[in-house]
Amino acid sequence: MGTTSDVTEDAGSPARPSDRPIERLRNAVGWTGPTCVDVVERRHLRDYRTAVGLPPEGSSVPATLCACFLTEPPPMPLAEEYGDGWINGGDRFEFADRLSLGDELHSHVTLAGVEEKQGRTGALALLTFVTDFRRPDGSLVVRHIGTRIRR
Amino acid sequence: MTEIATREHTATLRTLVQYAGASGDFYEMHYDLPFAQALGHPDLSVHGLLKAAWLGNLVEEWLGPRGQLLNLEVRYRGMDFRDRPVTCGATVVGRADDVVDLELWTRDENGETTTVGSAQVREDGSIDRDATTTTEG
């Protein structure tokens, strides 16, 4: 019985490198989340403008509104096996086109990189997620690159 | 280097809840104090992407219709917390052809830099090359 044999041989031994959460995360590079479809809607725009300190009645769409179409924290259960919580390490937006009311955006998040570092309070996993927001015709509107940290 | 603007924001609990609702980021660290404290934080933290939005607003308001924001990047060096003022700033640091480079930052009430960043805009020819300093409260 292979399972019993494996348990016996591993008893008391350290986890194999491939069993460590950081290794499983490294092996998951390329993982993609579900495809999302979002529309820039007037009421949502008003709420976002209010939240970020702009007059609510404006019709211009702040470039950073597409952050609302990210899923935060990233919907990746495997990442939650590392550390106790999420920290946002950084964000980069690359704008190919302006957003307007009524725009429909299709997106999905991809895990693009994993790095482990030693912080002041212990080990950290730095995860790089890339999300492309595209119009229904496939043209790129915004690329978001987020560094999310598990510690 | 030309500072284009600074602006102070103080995120209240209401602000954090408004941002959570608008962005869909309901990570408890931003509105559930016991959760935040269990993670070792002294108070509810301001969403990093809210600080990015504040900085983006500074750049877009300065730029207006005179050009296009090409990219915006921020790195969070420290956490900011509710009910504490955060000063946001943007400075023009370079130009190459029609692209203007800006440096971005936020500082907490002690003057510690909590966010560093950059942005690039492409000007359409009407941006004042000697952009005068404007400081807004």
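Bear in mind that the values here come from a model prediction, so they are computed numbers and not experimental data. Heavy atoms only: backbone and side chains are in, while hydrogens, waters and symmetry mates are out. In the text below, chain A, chain B and the rest are named by the order of the sequence lines, each starting its count at 1.
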Answer whether the closest heavy-atom distance between the side chains of [X] and [Y] falls below 4.5 Å.
X	Y	answer
A:D91	B:L72	no
B:E73	A:I145	no
B:S23	A:E72	no
A:V52	B:Y19	yes

Do you know which of [options] has the most heavy-atom pairs with chain A at a distance under 4.5 angstrom?
options	result
B:T115, B:L69, B:V59	B:L69
B:Q120, B:M79, B:E60	B:E60
B:V17, B:L55, B:V116, B:L39	B:L39

Where [X] and [Y] come nearest, the two heavy atoms and their spacing:
X	Y	value
A:N88	B:G48	ND2-CA, 4.2 Å
B:Q18	A:T50	NE2-CG2, 3.4 Å
A:A51	B:T15	O-CG2, 3.9 Å

Within this structure, what is the [atom1]-[atom2] distance for the pair [X] and [Y], rounded to the nearest 0.5 Å?
X	Y	atom1	atom2	result
A:L70	B:L49	CG	CG	6.5 Å
A:I149	B:Y76	CD1	OH	11.0 Å
A:F93	B:N71	CZ	CG	11.5 Å
A:R49	B:N57	CZ	CG	8.0 Å
B:L50	A:Y48	CG	OH	7.5 Å

Joint hydrophobic cluster, [X] plus [Y], side-chain heavy atoms closer than 4.5 Å:
X	Y	value
B:V93	B:W105	no
A:L78	A:Y82	yes
A:L101	A:F95	yes
B:L44	A:I87	no
A:L126	A:L111	no

Taking side chain as everything from C-beta outward and backbone as N, CA, C, O, which of these in [X] sits under 4.5 Å from a heavy atom of chain A? Side chain, backbone, both or neither.
X	value
B:H30	neither
B:M29	side chain
B:F26	backbone
B:E28	neither

Could you tell me which portion of [X] (side chain, backbone, both or neither) has an atom closer than 4.5 angstrom to a non-hydrogen atom of chain B?
X	result
A:R151	side chain
A:R148	side chain
A:D38	neither

* Asked: B:H9 side chain to A:G53 main-chain N or O, any donor-acceptor pair under 3.5 Å?
  ->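 No.
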* Looking at A:A63, A:S60, A:G85, A:G146, which one has more heavy-atom pairs under 4.5 Å with chain B than the rest? -> A:A63
